[in-house]
Visitor: 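Below: one structure in structure tokens.
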Number of protein chains: 2
Amino acid sequence: MAEKVTIATVARHARVSRQTVSNVLNAPHIVREETRLRVQDAISALGYRANQAARQMRTGRSRLIAARIEPTRDGINGSVLDRFLHGLTETADAAGYRVLLYTATDDEREIATYDDLLGTYELDAFVLVGTKYGDPRTAWLAGRDVPFVTFGRPWDALDAHPWVDVDGAAGTAQATRHLLASGHRRIAFIGWPLGSGVGDDRRAGWRDALRAAGVDPTGLHRETEDGIAEGERLMRDLLVSVAPTAVVCASDSLALGALQAIRGTDPPVSVIGFDDTPVAAAVGLASVSQPLGEAAARCVDLLTGVLDGNHETPTHVLLQPALALRHTA
Amino acid sequence: MAEKVTIATVARHARVSRQTVSNVLNAPHIVREETRLRVQDAISALGYRANQAARQMRTGRSRLIAARIEPTRDGINGSVLDRFLHGLTETADAAGYRVLLYTATDDEREIATYDDLLGTYELDAFVLVGTKYGDPRTAWLAGRDVPFVTFGRPWDALDAHPWVDVDGAAGTAQATRHLLASGHRRIAFIGWPLGSGVGDDRRAGWRDALRAAGVDPTGLHRETEDGIAEGERLMRDLLVSVAPTAVVCASDSLALGALQAIRGTDPPVSVIGFDDTPVAAAVGLASVSQPLGEAAARCVDLLTGVLDGNHETPTHVLLQPALALRHTA
DNA sequence: TATCCAGATTGGATCGTTCAAGATGGCGAG
DNA sequence: CTCGCCATCTTGAACGATCCAATCTGGATA
């Protein structure tokens, strides 16, 4: 059985002191080149790896980032989180951090989990996906000076904390302009009830694009909770009342419902969804695609900026989505 | 600024020694009732939480479990992993463990990651999703006596290590029997190339169910790599050559392809997929559903059994899937 | 040759917990 | 009365890293 390799083993092997080995790892510039190489050789020869627990005990930093994994609500948009988490894990790894998962069923429990994670694991930072108006979680974290980033803007106070987001309005605007360029004029919108930041933003993109083209959006939009059945219902309503030739939706779920409602229309009504989920790709639904890997990477950038004390980095990042065209548009 | 609450703070507050506090936490039975309650009170009054890094340094255990998050390959079956991970996080949490994510692009790098995670974070265990014949990862882990569980049987040696799996053959058999009961006789199967444990198992379920009903399965099956386009191609081939009235598929991707191929057939060819992904639910595809939350829970059970030294627990768990009937079958 | 200085290296203390061994006190048996 | 035992609690050391302050080294300068 191999002995456990500690910093002392490396020191003996390289005939230097523990502190010199530590310096090679944490402040290489203050060690003479020759010595540094000798230590490096010893490290790789012995397969030494710094023990994180010991390091953490002294420095108070765990190099751990927490992210929440949600219980796949409707399953369709769940894959967005999945892709984001993968990107997060990959980028965090490159920056020397690891991602720890947690779950929580409500805000209160989630905050209790923060407390626990901070107390027992001394987490360095949190990544929250999605926030709402007056979110108690961000308030709690900010109140304790815990570093965190949200994927999704804090709609009530843009400067409240660092965030990364995708420009939803730009996405729906791009979708709308594509439809306008294809000759459509009566372009409807199916979205979420007023008052959700994300939903209002996506609707605004559609509305502004129509107005910019001289089309009056009045009466062309409908609102509902997210879901396939809801999308289908509203689309049928739209077909009867305003007979649109195309529709932009706030989510792929709504768009899938819309697709079912327009089956058999001639000429076919064009449909564009939002999120470019695997379902959209599978059924050929055109959709606005969010750069999730990029978003995750920028979240890590912001966090490492804060954690490594570099306060010069920007704290807000707004990314542009892309339109994934398929046969429904 | 509040002082950091350590075990010494609690000890002073309860007028006992550090060790007694430690005993209250780790071996309550050796502490006198009265003392124990006094310590408990101090703990909750001060909001004390044991520092994991310090504990780990002494005990060598991190209470951390690693799981791999994959780069959503075709996106459709990716959600299976997603649901599994959520279940894992939830159950691990209840057992006092946390889930750490990692990624890797190939086996060699994955093993390097194991080495790193074990060396720097002293991970307690790994959960691997899916294994293949002669998997170098499981061999590496087993060779080092690292506790791990796989979700998916090791097809070449069932006793090699603890595993949890879903009985794929039972799932396809159930699907096939449902179709037989609906009056179908020429029930085809679209699966993966021979030699993959999972694929062969799912095909066997279909074949045996047909034979049990006195139907000769010869010529009724096709094999291909996973994918929508592949499923469509093979279904067209089947329609031309053997004109099946129903088809069971080894995955939802293949089934979606099959759905496209049969569009317009009359009477409609029945299709049943596998995995019950969100896509299947969205398009109304009947599918075999795996109990992923349950599978994750049993993985945690097996691990804690090994980690807490209870070698009496069974090391293999085979769960039964359920058939999610929708309008395609 | 003595002095100084900057840079490299060293030993000791420390983080918060658990382990191993020792101290205390009460009680019953010899 | 003394001894030993058990239950309970306390003390010192250790885990493996980093921080801090002190010491060493070699070359330049007086």
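Proteins get letters first, then strands, A, B, ... in listed order; numbering begins at 1 in each.
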Visitor: Within less than 4.0 Å of OP1 or OP2 of C:dT9, is there a side-chain N or O belonging to A:T35?
Guide: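 It does, given that an N or O in the side chain of A:T35 lies less than 4.0 Å from OP1 or OP2 of C:dT9.
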
Visitor: Which residue, B:T91, B:I65, B:L88, B:D124, forms the side-chain contact (heavy atoms from CB on, under 4.5 Å) with B:L303?
Guide: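 Single pass found, and it is B:I65.
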
Visitor: Determine whether any donor atom in the side chain of B:R32 lies under 3.5 Å from an acceptor atom in the base of D:dA7, or the reverse, and answer yes or no.
Guide: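 There is none.
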
Visitor: May I have the distance from B:Q56 (atom CD) to D:dC15 (atom C1'), rounded to whole angstrom?
Guide: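 In whole Å, D:dC15 C1' lies 11 Å from B:Q56 CD.
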
Visitor: Test for a donor-acceptor pair under 3.5 Å between the base of C:dC19 and the side chain of B:Q19, counting only N and O atoms.
Guide: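 Donor-acceptor pair under 3.5 Å: yes.
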
Visitor: Round to a whole Å and report the spacing from CZ of B:R49 to C1' of C:dT17.
Guide: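 Rounded to the whole Å, the gap is 17 Å.
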
Visitor: May I ask you to evaluate whether A:N23 reaches the phosphate of C:dA8, defined as a side-chain N or O under 4.0 Å from OP1 or OP2?
Guide: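 A:N23 to C:dA8 OP1/OP2: no side-chain N or O under 4.0 Å.
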
Visitor: I'd like to know if A:E110 and A:R68 make a salt bridge, using a cut-off of under 4.0 Å between side-chain N and carboxylate O.
Guide: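 A:R68 and A:E110: salt-bridged.
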
Visitor: Under 4.0 Å between a side-chain N or O of A:S22 and OP1 or OP2 of D:dA17?
Guide: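 For D:dA17, OP1/OP2 do not have a side-chain N/O of A:S22 under 4.0 Å.
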
Visitor: State whether A:R58 places a side-chain N or O below 4.0 Å from either non-bridging phosphate oxygen (OP1 or OP2) of D:dC19.
Guide: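 No, because none of the side-chain N or O atoms of A:R58 sits under 4.0 Å from OP1 or OP2 of D:dC19.
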
Visitor: Could you tell me whether the phosphate oxygens of C:dG11, OP1 or OP2, come under 4.0 Å of any side-chain nitrogen or oxygen in A:S17?
Guide: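 So the side chain of A:S17 is outside the cut-off, no N or O lying under 4.0 Å from OP1 or OP2 of C:dG11.
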
Visitor: Should the pair A:D41-A:R38 be classified as a salt bridge under the 4.0 Å nitrogen-to-oxygen rule?
Guide: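 Salt bridge between A:D41 and A:R38, a charged N being under 4.0 Å from a carboxylate O: no.
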
Visitor: Please indicate whether A:E108 has more than 12 foreign heavy atoms, meaning atoms of other residues, nucleotides or ligands, lying under 6.0 Å from its CD.
Guide: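 No - once you tally the heavy atoms of other residues, nucleotides and ligands closer than 6.0 Å, there are 12 at most.
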
Visitor: To the nearest angstrom, how far is A:E34 atom CD from D:dT25 atom P?
Guide: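 My rounded result for the distance is 16 Å.
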
Visitor: Under 4.0 Å between a side-chain N or O of A:T6 and OP1 or OP2 of D:dG16?
Guide: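 For D:dG16, neither OP1 nor OP2 has a side-chain N or O of A:T6 closer than 4.0 Å.
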
Visitor: Separation of A:N26 atom CG from D:dC20 atom P, in whole Å?
Guide: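 One finds 13 Å between P of D:dC20 and CG of A:N26, rounded.
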
Visitor: Choose from C:dA20, D:dC15, D:dT18 the nucleotide whose nearest atom is closest to any side-chain atom of B:M57.
Guide: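 Nucleotide nearest to B:M57's side chain: D:dC15.
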
Visitor: In whole angstrom, what separates B:R12's CZ from C:dG16's P?
Guide: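 Atom CZ in B:R12 sits about 11 Å away from atom P in C:dG16.
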
Visitor: Expressed as a whole number of angstroms, how long is the span from B:R38:CZ to D:dC9:C1'?
Guide: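 Roughly 11 Å, once rounded to whole Å.
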
Visitor: Give the nucleotide from the list D:dG16, C:dG16, C:dT9 with an atom nearest to the side chain of A:N51.
Guide: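 Among the listed nucleotides, the one closest to the side chain of A:N51 is D:dG16.
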
Visitor: A:I30 CD1 to D:dC20 P: how many Å, rounded?
Guide: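 My rounded result for the distance is 12 Å.
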
Visitor: Quick one, A:V16 and A:T35 - any side-chain contact, counting heavy atoms below 4.5 Å?
Guide: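 A side-chain contact exists here, since the closest heavy-atom pair is under 4.5 Å.
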
Visitor: Checking all strands, does B:A53 fall into the base, sugar-phosphate, or nothing category for heavy-atom contacts under 4.0 angstrom?
Guide: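 It contacts nothing in the nucleic acid.
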
Visitor: The side chain of B:T20 lies closest to which of these nucleotides: C:dC19, D:dT10, D:dC19?
Guide: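 Output: D:dT10.
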
Visitor: Could you check how far CD1 of B:I7 sits from P of D:dA13, rounded to whole Å?
Guide: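 Rounded to the whole Å, the gap is 19 Å.
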
